[in-house]
Amino acid sequence: MPVETTPAFPTLPSRRGFLFMFFCLFATLSILFHKSFQSDQILFSNDGPLGAVRAQSDHALGNLGSYWQDLNWLGEEVPGVACDLSGFLVASLCTVSPGFGPVLFAKIFAPFGLFLLGLSAWFLFRQLRFRPWVCVLGGLAAALNTMAFSTACWGLAVWPLSWAMNLFAIAALASPSIRHRI
């Protein structure tokens, strides 16, 4: 008996579904973080070390190894910019604009982490072959989850970023192109 290979429901093409999710997340986060667009406002960054980032912004790429942190009495050598997504975002923004780069990082770090979390949840749900509207609602729910949202707004957007990378990894495992042998 032949197996039916067509889906039981029509799906959006992946590019159109991605663009729809992209604009839904972008619009939602733009409304929630609209005060960050003002030049004199930095919202949602209580634990974000703006002073430390601004102090090291002149030589951000040179800090990839380590740098001397002289905020303590004797100072100490601490690891430099971490080789992760947030570290490269800081380094690139500070390299492009040493004066405004740290402020721009403080403005966009929380929405950036939540945006990637929403996209990764959408991607996971799409890989699990849910309906398109379920994927969109699941991505929005993951981005606006109070645990992820409050953590990102406190200035620790690395937590939602790590959750996003975990969701991307699970989505890669759920890929239909990978054959599971029994």
Heavy-atom check, side chain of [X] versus side chain of [Y], under 4.5 Å:
| X | Y | answer |
| --- | --- | --- |
| F20 | V136 | yes |
| M147 | W163 | yes |
| F123 | L167 | no |

Kindly determine whether L114 and L144 satisfy side-chain contact (heavy atoms from CB on, under 4.5 Å), including the steps that lead there. CA-CA 8 Å; L114 293 171; L144 300 177; 5.9 Å; no

Scan T146, V158, L156 and name whichever one has a side-chain contact (heavy atoms from CB on, under 4.5 Å) with T151.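 It is L156, the one option of T146, V158, L156 that forms the side-chain contact (heavy atoms from CB on, under 4.5 Å) with T151.
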
Identify the two heavy atoms, one from [X] and one from [Y], that lie closest to each other, and give their separation to 0.1 Å.
| X | Y | value |
| --- | --- | --- |
| P160 | A148 | CG-O, 3.5 Å |
| G113 | L161 | CA-CD2, 3.7 Å |
| C135 | F130 | SG-O, 3.7 Å |
| A142 | A121 | CB-CB, 3.5 Å |
| W122 | G17 | CZ2-C, 3.6 Å |
| I108 | P111 | O-CD, 3.4 Å |

Let me confirm one number: the [atom1]-[atom2] distance from [X] to [Y], rounded to the nearest 0.5 Å.
| X | Y | atom1 | atom2 | value |
| --- | --- | --- | --- | --- |
| R131 | L137 | CZ | CG | 13.0 Å |
| K107 | F33 | NZ | CZ | 12.5 Å |
| F109 | S36 | CZ | OG | 13.5 Å |
| F18 | F23 | CZ | CZ | 9.5 Å |
| R15 | F22 | CZ | CZ | 14.0 Å |
| Q127 | L173 | CD | CG | 10.5 Å |

Parallel under 30°, tilted from 30 to 60°, perpendicular over 60°: which one fits the rings of F26 and F115? perpendicular

Do S120 side-chain atoms and L117 backbone N/O form a donor-acceptor pair below 3.5 Å?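 Flag set: sc S120 to bb L117 pair under 3.5 Å.
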
Decide whether L25 and I31 are clustered together by the hydrophobic rule: side chain heavy atoms of Ile, Leu, Val, Met, Phe, Trp, Tyr closer than 4.5 Å, transitively. no

